[in-house]
Structures are given as C-alpha cells and as structure tokens.
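Each remark here refers to the structure printed beneath this line.
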Amino acid sequence: MAYVLLVEDDQRLSELIVSYLSQQGFEVKHLSNGDTLLSHVKQTKPDIVLLDVMLPGENGFTLCRQIRPFYNGPLLFMTAKGDDFDQVLGLEIGADDYIVKPVEPRVLLARINALLRRARHLSSPSLPVQKLVFGQLVIDKNARCALLKGRNVQLTSHEFDMLWKLAENASTLVERSVLYDELIGREYDGLDRSADVRISRLRKKLEDNPLHPYRIKTIWGKGFFFVAEAWDE
C-alpha cells in the first residue's frame, strides 16, 4: 500500500482526492497547510507528496525547496495556474511532475502511478552494480549518485535518471520523445518543457556553460547529446 501525503487547503477537493485514492488502495494523509509538512515527511517518509502551490502561510514552492534536501521521492505539484512560468519554476526547484486544477481523479491517479512505478523500479535491490566514468565525472547507478571532481553532486531522483539516460548513450543523440516516454511518463506534445528544465538544472549542477553548453548539448528540434570527452577538466 503506497502512502500519499496530500497538502491542499481546498477542503472539498481534498475530500474528493482522499476518498478516491483510498478507494484505489492508497493510504492518504491530508494536511491543510504546510506548517507540519517537514516533520511529517521526516517521520513518515511518504511514497509520494502531492503539494498545492497556493497555500496559506508558506507556499508550495517554498515548501518544496525546504523538503528536497532530505526527501528525494516523487513530488507532484497541483495548482490552478497553468502558465509556463509556474511550470518551469516548479520543475526547477525539484518537482517531478505538475498537474493543473481542477484535477480529474483518473488523470491524477495515472500520474501518481507513473511516478511510483519509476521510483520503485529504480530503487529495486535487484539492479546490478553499474558505473560510468567520464574523466572527472563518475556516475554510479547502483548507489544512485554522481561525483564531479570527487565531490558529490546533489541530484533529485529524476535528475539522476535523466543524467544516466544521457550518459549511457554518450556521444549519441537521445531524442526528446525517448526521454518523455521513458523518464517523464507521457508523450512529448511539442510544448512541454519538462525535459528542457531538467537538462538546464543538470547543466548548472555539472558546471556546464548555461549559455554555450559543451557537456550536454541541445540538438534543436531533435533531442540532447552527452559529450563523453567534455569531462576531463
């Protein structure tokens, strides 16, 4: 039984989500604000966090920043705002997905299940030990960590997945459609910027040049290219 932590101040919507997910076999804890979110996450270690953006007190973006240092599980933002600014900001600060209210329960369930499937698969103890080394970059799939110049790179679960996918296909174009199908869990519609945001965050953390990237390149209209020879500096 997966444990879902829902943080939502709309009582009617919360009751709907709690009732629907409970019927689907989930254990759901509801918080009407973020005052106790940090302690709940630390104590109960939820399988997934559903976090409203507009909350009384600290907003969802601030709360996401606060829990990400110690929580690397799936985090799904729910918000009534659907513009690109909110989407990009949410992904940049560590969200794994984003859904716009009013929420269709079946769509929400599909998003939750997709995130949980990837999280469980990637944390399976049966995964073989795998390590990729490119100059001063070491990526360990079994430990799910990356070292650059001997220092640990703080990556979210989905940032690591993105890095591993690109690195295991080093010096080969990885098409956008592949990243969306395998890592984000939906088809690329030509407008979704989730992959671009995650690539941008990876570049910052991996000391790539954001204006003229030379380690992870964007091939416009096609996908992304991990440069195997660019990690010797």
Side-chain angles (χ1 to χ4, degrees), residues 1-22 24-82 85-101 103 108-109 111-120 122-123 143-146 151-163 184-185 194 197-198 200-202 204-205:
M1 180 184 295
Y3 173 46
V4 178
L5 181 56
L6 169 66
V7 189
E8 169 63 64
D9 64 328
D10 184 322
Q11 189 62 32
R12 182 176 179 183
L13 176 60
S14 299
E15 291 175 356
L16 173 64
I17 292 175
V18 171
S19 175
Y20 183 77
L21 293 181
S22 298
Q24 303 303 314
F26 292 91
E27 178 184 355
V28 187
K29 171 66 177 179
H30 171 233
L31 303 177
S32 59
N33 58 60
D35 293 349
T36 60
L37 175 61
L38 273 68
S39 61
H40 270 284
V41 171
K42 289 180 179 178
Q43 293 171 10
T44 65
K45 297 179 176 59
D47 294 297
I48 186 170
V49 175
L50 309 182
L51 184 57
D52 185 25
V53 172
M54 300 304 294
L55 290 165
E58 300 283 10
N59 65 36
F61 293 143
T62 300
L63 292 168
C64 179
R65 291 190 183 98
Q66 292 174 354
I67 68 173
R68 265 315 185 197
F70 57 85
Y71 176 73
N72 65 356
L75 189 151
L76 173 68
F77 268 134
M78 301 190 303
T79 179
K81 296 183 177 180
F85 172 78
D86 276 350
Q87 180 183 19
V88 171
L89 179 58
L91 293 169
E92 282 183 339
I93 62 178
D96 296 301
D97 206 350
Y98 186 98
I99 193 167
V100 177
K101 296 187 288 187
V103 176
L108 177 62
L109 177 64
R111 296 285 185 90
I112 291 173
N113 283 334
L115 291 172
L116 290 176
R117 279 196 301 270
R118 288 197 296 275
R120 287 166 178 163
L122 294 167
S123 63
R144 292 187 62 76
C145 71
R151 297 189 299 272
N152 185 52
V153 182
Q154 294 294 328
L155 300 174
T156 67
S157 177
H158 284 261
E159 288 169 353
F160 181 87
D161 298 340
M162 184 75 74
L163 175 60
I184 299 177
S194 301
V197 171
R198 292 178 191 178
S200 177
R201 295 184 68 200
L202 277 176
K204 292 177 183 178
K205 294 183 178 183

Just how far is it from atom [atom1] of [X] to atom [atom2] of [Y], taken to the nearest 0.5 Å?
| X | Y | atom1 | atom2 | answer |
| --- | --- | --- | --- | --- |
| His158 | Leu202 | NE2 | CG | 12.5 Å |
| Leu116 | Ile112 | CG | CD1 | 7.0 Å |
| Asp96 | Leu75 | CG | CG | 6.5 Å |
| Arg144 | Leu163 | CZ | CG | 10.5 Å |
| Asn33 | Asn59 | CG | CG | 12.5 Å |
| Ile93 | Thr156 | CD1 | OG1 | 11.5 Å |

- Message: Consider side-chain contact (heavy atoms from CB on, under 4.5 Å). Of Leu63, Leu6, Leu76, which one does Leu51 pass it with?
- Response: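 The residue from Leu63, Leu6, Leu76 that satisfies side-chain contact (heavy atoms from CB on, under 4.5 Å) with Leu51 turns out to be Leu63.
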
- Just one of Asp10, Ile17, Val53, Val7 clears the side-chain contact (heavy atoms from CB on, under 4.5 Å) bar with Met78, so which one? Ile17

Would you mind reporting whether [Y] and [X] have side-chain heavy atoms less than 4.5 Å apart?
| X | Y | answer |
| --- | --- | --- |
| Leu31 | Leu5 | yes |
| Phe26 | Asn113 | yes |
| Glu58 | Gln66 | yes |

Provide the closest heavy-atom pair for [X] versus [Y] in the form atom of the first, atom of the second, distance.
| X | Y | result |
| --- | --- | --- |
| Cys64 | Phe77 | CB-CZ, 3.7 Å |
| Ala146 | Asn152 | O-OD1, 3.4 Å |
| Ala80 | Val100 | O-CG1, 4.2 Å |
| Glu8 | His30 | O-NE2, 2.7 Å |
| Glu159 | Gln154 | OE1-O, 4.1 Å |
| Ser22 | Val28 | OG-CG2, 4.1 Å |

- Should Asp161 and Arg198 count as an ion pair when the cut-off is N to O under 4.0 Å?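 So Asp161 does not pair with Arg198 through a salt bridge.
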
- Under 3.5 Å donor-acceptor, Arg111 side chain and Tyr98 backbone: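 Between the backbone of Tyr98 and the side chain of Arg111 there is a qualifying donor-acceptor contact (under 3.5 Å).
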
Can you give me every donor-acceptor pair (side chain of residues 40-50, partner residue at least two apart or in another chain, under 3.5 Å) with its distance?
residue	atom	partner	partner atom	Å
Thr44	OG1	His40	O	2.5
Lys45	NZ	Lys42	O	3.3
Asp47	OD2	Tyr3	N	2.6

